[in-house]
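Only one structure is covered here, and it is reproduced in the block below.
As a basis for the values below, the full set of heavy atoms in this structure was taken, side chains included, without hydrogen atoms, waters or symmetry mates. Protein chains get the first letters and strands the later ones, always in sequence-line order, with residue 1 at the start of each.
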Amino acid sequence: RERMSDAGDLSGAEESQEEVMTPAELIAKLEEAWLNEKFSPELLENKSELVECVMEQITHMEENLQRVRKGDVKASVHRMEIDRIRFVLSSYLRSRLQKIERFFPHVLEKEKSRADGDPSFLSPEEFAFAKEYLANTEVYLKNVALKHMPPNLQSIDMLKAVPEPCLDSFVFLRVKESQENILVEPETDEQREYVVDLDEGSQHLMRYRTIAPLVASGAVQLI
Amino acid sequence: GKDRGKERADTIHQIQAQLPAEKPALHLRLPVCDSLGSCAVPHQVHAASRALSTGVIKPSLSLSFHSYDRLLRIRALRWEYGSVLPTTIRFHMCAEEMEWFNQYKKSLATYMRSIGGEEGLDITQDVKPPKSLYIEVRCLKDHGEFEIDDGTVILLKKNSQHFLPRWKCEQLIRQGVLEHVIS
């Protein structure tokens, strides 16, 4: 399977894709990705490897469950755990799909224009899905509305017609790694520059745009 | 069907003909469109209100937005009803919308099958976080024998009530065979 380009060097994060995680760590990472994706107004970096590992984990747990003696209380607890993980994974992937559909021209444009070393925002399967969504929607609009218009109005620029995600939405976050001098508002004629320090463990409410890079690097967690 | 598509096209034509090229539209006379049924009025009102409220906007964009808006609702149907739509809903859709729906569900199925690299994952399931392990359900129609994990076979007879594992019931609840009884 094709390996993703290692974004670790660019962002400074140490995470190696060959790193072995305990199941508990894996699920914790899934939950972090799930919450970030849920609360972020834009589509976040693709985490295919994480998804694959979680799916493997679920399969492994299902197999273990088959071996537990029927009727044993342990079976119920394992079952509950499997369902919980599957719910979080499904919810995570649904969040992504919803954003892909909602912002489809922008998502595709971003993927097409990214440089080779940059992290991918879409998995290959999500990319295929997004392209199909665009083609399907264009055909529909053409047949239902556009072909009835005068010739000069028959095309639509999807990038202009479909709104972009609102990066100025406010988000709640918890700080995982302390940050200093985060620029909240730049200096203008009327006001001085507004900067804040984000202490580890503290929680804040701010514009997503301000802390977007910190979400990507894992320095803050959206809640 | 075909007639509906033509009706819609005619409706769009009539609205479009009234929209001034580059100025906001201040008034729109709504065309009469009997055979589209109860969904005709919302179409026209929707299209008209968009054209009126969005000010200086290319007529083609506002009318396409109206169609696009319907598309978003049709998309939602796949997630709510599954891949087979109830007849009453299909009745309100034109051929192009059915085509879009069919392509969409194919695309979604392909994507879901690709998740994780083996059999995939049906992400239209597990919509609510699991709360309890077992739930009380009532059978709404005869469904015959039903086997649960430990080999026990339950007879799902109309109006019977059972205490069953939640994950086993989800599918049947969605299909309307079982009803979750919340006491």
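Between B:R75 and A:Q98 the shortest side-chain heavy-atom distance falls below 4.5 Å. Taking 4.5 Å as the limit, some side-chain heavy atom of A:R94 sits within range of a side-chain heavy atom of B:V127.
For B:R174, the CZ atom sits in a packed shell: over 12 heavy atoms of surrounding residues, nucleotides or ligands are nearer than 6.0 Å. Heavy-atom neighbours of A:H60 NE2 from other residues, nucleotides or ligands within 6.0 Å: at or below the threshold of 12. For A:Q203, the CD atom is densely surrounded, since the number of other residues' heavy atoms within 6.0 Å is greater than 12.
Both the backbone and the side chain of B:I115 come within less than 4.5 Å of a heavy atom of chain A. Looking at B:K106, there are no atoms closer than 4.5 Å to chain A (heavy atoms on both sides), in backbone or side chain. Looking at B:Q125, the atoms closer than 4.5 Å to chain A (heavy atoms on both sides) all sit in the backbone: N, CA, C or O. When heavy atoms are compared at a cutoff of 4.5 Å, A:E81 does not approach chain B at all. Using a 4.5 Å cut-off between heavy atoms, B:S107 touches chain A through backbone and side chain atoms alike. For A:T59, no part lies near chain B; criterion is any non-hydrogen pair under 4.5 Å.
When all heavy atoms of B:L121 and A:S90 are compared, the closest pair comes out as CD2-OG, 3.7 Å. Of all the heavy atoms in B:Y104 and A:E101, the pair that sits closest is OH-OE2, 2.5 Å.
Below 30°, between 30° and 60°, or above 60°: for A:Y133 and B:W100 the angle between ring planes is above 60°, a perpendicular geometry.
With chain A as partner, the option from B:T110, B:D122, B:L108 having the largest number of non-hydrogen pairs under 4.5 angstrom is B:L108.
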Q. Where do B:Y111 and A:L97 land on the side chain to side chain contact (heavy atoms under 4.5 Å, CB included) test, with the steps shown first?
A. CA-CA 10 Å; B:Y111 167 73; A:L97 223 58; 3.7 Å; yes
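Atoms CG and CZ, from B:D126 and A:R86 in turn, are 4.0 Å apart once rounded to the nearest 0.5 Å. Residue A:N136 holds its CG atom at 7.0 Å from CD of B:E99, rounded to the nearest 0.5 Å. A:L89 CG to B:I123 CD1: the interatomic distance, rounded to the nearest 0.5 Å, is 8.5 Å.
Donor-acceptor pairing under 3.5 Å is recorded for the side chains of B:E97 and A:Y140.
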